[in-house]
Amino acid sequence: MTSRSDLTIGIVVYNEVEEIQKSLQQLQSEINHHISERQIHWIFVLNHSSEDVRTKILEKIKTIIPRFSYFSNFENNLGFARNLILNKCQTDLLYFTDPDIEHPHKSLSVLLQLADLSHSNPSLVGFTGPVLHKSESRTMDDMFLILQKIAKKIPFSFQIQNHIFLNTVDHAPTCHLLLIKNRALHLGGFSEQIPSVGEDLDFSHRVFSTEMRFLFSPQSHVLHHQNLKLKKWLRKVLFFGRAQIMVHKKNSNLPIRFYRLIPLFFSF
């Protein structure tokens, strides 16, 4: 039997063999130093069809995490993988993150503190913070800095939000999201009809439709490494913009929020 303070960490891994080792080391360090009183459960979904890749990832995980559960998802369906973790989770709180996310000091601890303080608030389904993008390219870093400054006024749909104060928001990316499991399940979890990107957008649309929200803390930031050339990154943003259209068509009964369409401007 689990207690309310227990936590599950769920990670979907594709082929990030090297990235996941660094991410897990950072998370394990924070657990040991700041939330050691909590029982931590780990669930991994290996989202790659190659047995060799899955074996390499498991070997990396075993060097850091002594006990964990894992499942294979041969079809590489991201919505299915997220939903699998949500349904297999045995704790009240579930933290979603990705292998290519860098976790600075206490990024998870802040969200857990918010969850403890706000658990009785029925209008909240989860907790998140800024996802700051980082690149090896100076040009890309300069562009990300500009977008983060703009995001203080306009919340971008492609994982860029930069609110100054503690605030409720209607969108939270699954690369840095602490969920209250039962409320997420009540909203239907993640759609398995969305195989690649947009599963978090679709979930956010349904959160929005019930007037529930995520609590956003500017003190809980993570770094998302985007080691792409500018052209490839713009292509990726366009891909996300197209996913926006698909998700909105699926939830066509909800009003359009203009800032969700911002990625489409890159197509011009």
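Sequence positions, counted from 1, serve as the residue numbers for this chain. A quick note: this is a predicted structure, and the numbers were derived from the prediction, not measured. The figures that follow rest on heavy atoms only: side chains count, while hydrogens, waters and symmetry mates do not.
- Pairs of residues two or more places apart, or lying in two chains, that qualify as ring pair (Phe, Tyr, Trp, His ring centres under 6.0 Å) and include a residue from residues 10-33 are Tyr14-His48.
- No side-chain heavy atom of Ser23 sits less than 4.5 Å from a side-chain heavy atom of Asp100.
- Pairing each heavy atom of Pro173 with each of Leu177, the nearest pair is O-CB, 3.5 Å.
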Which pairs of donor and acceptor atoms, one on a side chain in residues 57-71, lie under 3.5 Å apart (sequence neighbours left out)?
from	atom 1	to	atom 2	distance (Å)
Lys60	NZ	Gln21	OE1	3.3
Thr63	OG1	Lys60	O	2.6

Criterion side chain to side chain contact (heavy atoms under 4.5 Å, CB included) on Ile40 and Arg38, from CA distance to verdict:
CA-CA 6 Å; Ile40 308 297; Arg38 296 178 186 265; 4.1 Å; yes
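- The hydrophobic clustering, which links ILVMFWY residues whose side-chain heavy atoms are closer than 4.5 Å, places Leu7 and Val110 apart.
- His171 and Ser204 share a donor-acceptor pair across their side chains, judged by distance under 3.5 Å alone.
- For His34, the ring-ring contact (aromatic ring centres under 6.0 Å, His included) partners at least two apart in sequence or on another chain are His105.
- With hydrogens and angles disregarded, a donor-acceptor distance shorter than 3.5 Å links the side chain of Arg54 to the backbone of Ser49.
- In this structure, Ile35 CD1 and Ser109 OG are separated by 5.0 Å, a value rounded to the nearest 0.5 Å.
- Scored by the salt bridge (Lys or Arg N to Asp or Glu O under 4.0 Å) test, Lys181 finds no partners at all (sequence neighbours excluded).
- Scanning both residues, Arg183 and Ser120, for their nearest heavy atoms gives NH2-C, 4.3 Å.
- When all heavy atoms of Arg82 and Val12 are compared, the pair lying nearest together is NH1-CG2, 3.9 Å.
- Not a single side-chain hydrogen bond (donor to acceptor under 3.5 Å, both in side chains) links Glu19 to another residue, sequence neighbours left out.
- At a threshold of 4.5 Å between non-hydrogen side-chain atoms, the residues Thr210 and Leu187 count as touching.
- Expressed to the nearest 0.5 Å, how far CG of Asp116 lies from OG of Ser5 amounts to 8.0 Å.
- Among residues two or more places apart in sequence or in another chain, the ring-ring contact (aromatic ring centres under 6.0 Å, His included) test is passed with Phe190 by Phe96, Phe203.
- For Thr168, the side chain to side chain contact (heavy atoms under 4.5 Å, CB included) partners two or more places apart in sequence, or in a different chain, are Leu124, Arg213, Leu215.
- Counting only distance, with no hydrogens or angles, the side chain of Asn83 and the backbone of Glu192 share no donor-acceptor pair below 3.5 Å.
- With rounding to the nearest 0.5 Å, the separation of CG in Leu112 from CD1 in Ile31 is 9.0 Å.
- With hydrogens and angles disregarded, a donor-acceptor distance shorter than 3.5 Å links the side chain of Glu30 to the backbone of Leu108.
- Shown here are the side-chain hydrogen bond (donor to acceptor under 3.5 Å, both in side chains) partners of Thr128, two or more places apart in sequence or in another chain: there are none.
- With values rounded to the nearest 0.5 angstrom, Ile11 atom CD1 is found 11.0 Å from Leu46 atom CG.
- Between Asp202 and Ser191, the shortest heavy-atom contact is OD2-CB, 3.3 Å.
- In terms of heavy atoms, Ser220 sits closest to Pro130 at O-CD, 3.4 Å.
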Given side chain to side chain contact (heavy atoms under 4.5 Å, CB included), test Thr174 with Glu199 step by step and report yes or no.
CA-CA 8 Å; Thr174 43; Glu199 86 293 343; 2.8 Å; yes
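- Residues Thr8 and Gln90 have side chains that never bring a donor and an acceptor to within less than 3.5 angstrom of each other.
- You'll find the side chain of Lys22 stays beyond 4.5 Å of the side chain of Pro99, heavy atoms only.
- Of the possible polar contacts, none joining the Ser118 side chain to the Ala115 backbone as a donor-acceptor pair under 3.5 Å is found.
- The shortest distance between side-chain heavy atoms of Asn87 and Leu185 falls below 4.5 Å.
- Separating the CZ atom in Phe80 from the CG atom in Asn47 is a distance of 9.5 Å, to the nearest 0.5 Å.
- When side chains are defined from C-beta on, Ile180 counts as touching Phe127, because their heavy atoms get closer than 4.5 Å.
- Within the 4.5 Å cutoff, no side-chain heavy atoms of Leu93 are placed close to those of Leu111.
- Between the side chains of Ser123 and Glu211, no donor-acceptor pair of N or O atoms lies under 3.5 Å.
- Residues meeting the salt bridge (Lys or Arg N to Asp or Glu O under 4.0 Å) test with Lys56, sequence neighbours left out: Asp52.
- The side-chain hydrogen bond (donor to acceptor under 3.5 Å, both in side chains) search around Thr55 returns none, not counting sequence neighbours.
- Taking CG of Leu223 as the reference point, atom NE2 of His176 lies at 10.0 Å (rounded to 0.5 Å).
- Here the side chains of Leu94 and Leu178 are not in contact, with every heavy-atom distance at 4.5 Å or above.
- Nearest heavy atom pair, residue Tyr95 against residue Thr97, reads CE2-CB, 3.6 Å.
- Partners of Ser107 by side-chain hydrogen bond (donor to acceptor under 3.5 Å, both in side chains), not counting sequence neighbours: none found.
- Under the 4.5 Å side-chain criterion, counting only non-hydrogen atoms from C-beta, Ile9 is not in contact with Ile43.
- Between the side chain of Asn77 and the backbone N or O of Gly79 there is at least one donor-acceptor pair closer than 3.5 Å.
- Residues forming a salt bridge (Lys or Arg N to Asp or Glu O under 4.0 Å) with Glu51 (at least two apart in sequence, or on another chain): none.
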